[in-house]
Amino acid sequence: MSRCFVTRRLPGDALQRLGLEHEVDVWEEAQPPSRAELLERARDADALLPQLTEKVDVELLDSCPRLVAVADYSVGFDNVDLAAATERGIPVGNTPGVLTEATADLTWALMLSAARRLPEAEKDVRTGTWGWEPSFLLGHDMQGATLGIVGMGRIGSAVARRASGFGMEVIHNSRGGAGVSLDELLERSDFVSLHAPLTPETRGMIGEPQLRRMKPTAILVNTARGPLVDTDALVRALQEGWIAGAGLDVTDPEPLPRDHPLLSCRGLAIAPHIGSATHAAREGMADLAVDNLLAALRGERMPHCVNPEVYERGTRPIRPAP
Ligand code: DGY
């Protein structure tokens with residue numbers, strides 16, 4: 001029996017399944033463990049099941065001498081130092097597929113919300129400060145508009161599929177130069193939706209020069225990772241009208257402090273990183289993360305491993321936990 005440290009209680013019954021074979025230590029608070037608490041609780045673990053809020057870096061990996069597996073509870077794994085895990089022969093798993101449609105739906109919710117200015121509209125209703133007027137809260141049409149997708153992977157493609165129902169033209173820019181150039185996409189799109197993973201290459205990919213290339217009527221949507229966008233540049237873009245609005249599920253920093261200037265910008269629709277927050281998606285993620293751990297702890301290949309090279313050239317023999 002191995003010891004697994006799970007950094008938050010998960011929806012569904014996947015943890016019960018893990019508990020049938022292993023000792024499961026769950027961080028029960030709603031807030032993430034502090035760094036010191038994380039290092040302390042993870043120290044004797046054979047396997048970790050962290051969230052995107054926990055940095056799995058060299059310090060953590062080296063403070064867990066028994067560690068043989070990390071199963072991230074997310075599809076994006078930028079919280080893990082993958083090179084360091086690989087060097088130590090530790091397989092890292094993620095949760096692809098099960099959250100694709102939920103995240104695409106939320107992308108559309110934010111796109112529509114920013115286009116039709118729903119946050120302002122709701123505030124006006126709640127404060128009773130509106131009266132019918134022909135030019136009150138005018139927004140942007142979807143029909144006939146161009147949607148530019150940056151990163152046509154699983155989620156980008158699911159967002160694109162929904163666009164046909166809205167009568168939109170879709171263009172994309174993807175890894176390896178597929179589709180149109182990023183500059184062309186920014187210049188032509190009425191809506192720009194980001195679906196790239198966060199890597200050293202994509203960090204800050206939307207900064208002042210890119211925002212200035214967009215149409216003044218365009219809307220930027222980000223349901224991927226906050227640091228893809230230079231937040232200060234986005235604040236200026238919204239304040240000074242370089243673009244018309246933004247729909248954000250992710251920000252940098254995250255969470256935003258309550259007095260952050262972004263929160264006072266016009267044209268903003270914002271959510272607290274809930275792209276995958278449906279019952280089915282979050283239960284599916286728990287199942288995949290647990291499947292990854294169970295396989296690794298049996299000494300088998302993780303079904304969703306993001307550093308499969310650990311199996312091919314094993315820098316250190318993969319040790320099934322005792
Ligand atoms: C992910 O999975 O990467 C999301 O950001 C959290 O569900």
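The hydrophobic cluster around Trp130 extends to Val125, Phe136, Leu137, counting ILVMFWY residues whose side-chain heavy atoms fall within less than 4.5 Å of a member.
A 4.5 Å side-chain heavy-atom check between Leu262 and Leu248 finds at least one atom pair inside the cut-off. Inter-residue side-chain proximity for Ile274 and Asp249 is flagged as met; some heavy-atom pair is nearer than 4.5 Å. Within the 4.5 Å cutoff, the side chain of Pro33 has heavy atoms near those of the Glu54 side chain. Between Leu294 and His22 the shortest side-chain heavy-atom distance falls below 4.5 Å. Within the 4.5 Å cutoff, side-chain heavy atoms of Arg203 are placed close to those of Leu198. Contact of the Arg162 side chain with the Asp105 side chain is registered, since non-hydrogen atoms from C-beta on lie closer than 4.5 Å. At a threshold of 4.5 Å between non-hydrogen side-chain atoms, the residues Val290 and Leu49 count as touching. Put simply, the side chain of Met214 does not reach to within 4.5 Å of the side chain of Trp242, judged on heavy atoms.
The number of heavy atoms from other shown groups lying within 6.0 Å of CZ (Arg266) is above 12. Within a 6.0 Å sphere centred on CZ of Arg116, other residues, nucleotides and ligands contribute 12 heavy atoms or fewer. Surrounding CD of Gln31 are at most 12 heavy atoms belonging to other residues, nucleotides or ligands under 6.0 Å away.
Put simply, the side chain of Arg213 never gets that close to the backbone of Pro209: no donor and acceptor are under 3.5 Å apart. A distance-only check finds a donor-acceptor pair linking the side chain of Thr95 to the backbone of Ser74 [under 3.5 Å]. The closest donor-acceptor contact from the side chain of Asn94 to the backbone of Asp72 lies at 3.5 Å or more, if one exists at all. In this structure, Glu187 contributes its side chain and Glu184 its backbone to no donor-acceptor pair below 3.5 Å. When atom types are taken as modelled, the side chain of Arg43 and the backbone of Pro65 share no donor-acceptor pair closer than 3.5 angstrom. Side-chain atoms of Asn307 come within 3.5 Å of backbone N or O of Ile90 as a donor-acceptor pair. A donor-acceptor pair under 3.5 Å links the side-chain atoms of Asp230 to the main chain of Asp232, judged by distance alone. Judged by distance alone, the side chain of Asn222 and the main-chain N or O of Arg225 form a donor-acceptor pair under 3.5 Å. Asp81 contributes no side-chain N or O that, together with a main-chain N or O of Val58, makes up a donor-acceptor pair within less than 3.5 Å. Looking at Asp190, its side chain does come within 3.5 Å of a backbone N or O of Thr146 through a donor-acceptor pair.
Note that the CG atom of Leu234 and the SG atom of Cys265 stand 7.0 Å from one another [nearest 0.5 Å]. A distance of 6.0 Å separates CG in Leu38 from CZ in Phe5, rounded to the nearest 0.5 Å. Atom CG of Asp78 sits about 7.5 Å away from atom CG of Leu52, to the nearest 0.5 Å. With values rounded to the nearest 0.5 angstrom, Met152 atom CE is found 9.0 Å from His195 atom NE2. Remark: Cys4 SG to Leu293 CG distance equals 5.5 Å, nearest 0.5 Å. Atom CG of Leu48 sits about 8.5 Å away from atom OG1 of Thr7, to the nearest 0.5 Å.
At a threshold of 4.0 Å, the pair Arg161-Glu101 counts as salt-bridged, since one of the basic side-chain nitrogens sits closer than that to a carboxylate oxygen. Using a 4.0 Å cut-off between charged side-chain N and carboxylate O, Arg117 and Asp124 make no salt bridge.
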Please lay out, stage by stage, how Ser2 and Val68 fare under the test side chain to side chain contact (heavy atoms under 4.5 Å, CB included). CA-CA 10 Å; Ser2 300; Val68 293; over 6 Å; no
Apply the test side chain to side chain contact (heavy atoms under 4.5 Å, CB included) to residues Thr103 and Arg154: give CA-CA distance (whole Å), side-chain angles for both, the deciding distance (0.1 Å), then the verdict. CA-CA 10 Å; Thr103 308; Arg154 286 189 197 84; over 6 Å; no
Apply the test side chain to side chain contact (heavy atoms under 4.5 Å, CB included) to residues Lys55 and Arg35: give CA-CA distance (whole Å), side-chain angles for both, the deciding distance (0.1 Å), then the verdict. CA-CA 9 Å; Lys55 283 241 159 310; Arg35 182 71 184 170; 3.8 Å; yes
Side chain to side chain contact (heavy atoms under 4.5 Å, CB included) between Val192 and Ile243, intermediate numbers included: CA-CA 11 Å; Val192 173; Ile243 65 174; over 6 Å; no
Derivation and outcome, side-chain hydrogen bond (donor to acceptor under 3.5 Å, both in side chains), residues Gln51 and Thr53: CA-CA 5 Å; Gln51 313 282 317; Thr53 42; 5.6 Å; no
Could you walk me through whether Arg41 and Glu37 satisfy the salt bridge (Lys or Arg N to Asp or Glu O under 4.0 Å) test, starting with their C-alpha distance in whole Å, then the side-chain angles of each, then the deciding distance to 0.1 Å, before giving a yes or no? CA-CA 6 Å; Arg41 288 279 279 271; Glu37 288 162 332; over 6 Å; no
Please lay out, stage by stage, how Arg3 and Asp46 fare under the test salt bridge (Lys or Arg N to Asp or Glu O under 4.0 Å). CA-CA 5 Å; Arg3 182 169 177 276; Asp46 299 293; over 6 Å; no
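Across all their heavy atoms, Leu39 and Ser63 have their closest contact at CD2-OG, 3.6 Å. Between Val170 and Ala163, the closest heavy-atom pair is CG2-CB, 3.6 Å. Nearest heavy atoms, Ala244 versus His140: CB-NE2, 3.8 Å. Closest non-hydrogen pair, Pro216 versus Gly241, comes out as CB-O, 4.0 Å. What you find for His304 and Asn292 is that their closest heavy atoms are N-OD1, 2.9 Å. Gly156 and Ile149 make their closest contact through O-CD1, 3.3 Å (heavy atoms, listed as atom of the first residue, atom of the second, distance).
Under the 4.5 Å side-chain heavy-atom criterion for Ile, Leu, Val, Met, Phe, Trp and Tyr, Leu256 and Val250 are members of distinct hydrophobic clusters. Ile206 and Ile270 end up in the same hydrophobic cluster when Ile, Leu, Val, Met, Phe, Trp and Tyr side chains are linked at under 4.5 Å. Hydrophobic clustering (ILVMFWY, side-chain heavy atoms < 4.5 Å, transitive): Leu18 and Val98 are in one cluster. Clustering ILVMFWY residues whenever any of their side-chain heavy atoms sit less than 4.5 angstrom apart, transitively, puts Met285 in a cluster other than the one holding Phe77. Residues Leu118 and Met142 do not share a hydrophobic cluster, defined by chaining ILVMFWY side chains whose heavy atoms lie under 4.5 Å apart.
Among residues two or more places apart in sequence or in another chain, the side chain to side chain contact (heavy atoms under 4.5 Å, CB included) test is passed with Ala281 by Leu99, Ala102, Thr278.
Residues Thr107 and Thr223 have side chains that bring a donor and an acceptor to within less than 3.5 angstrom of each other.
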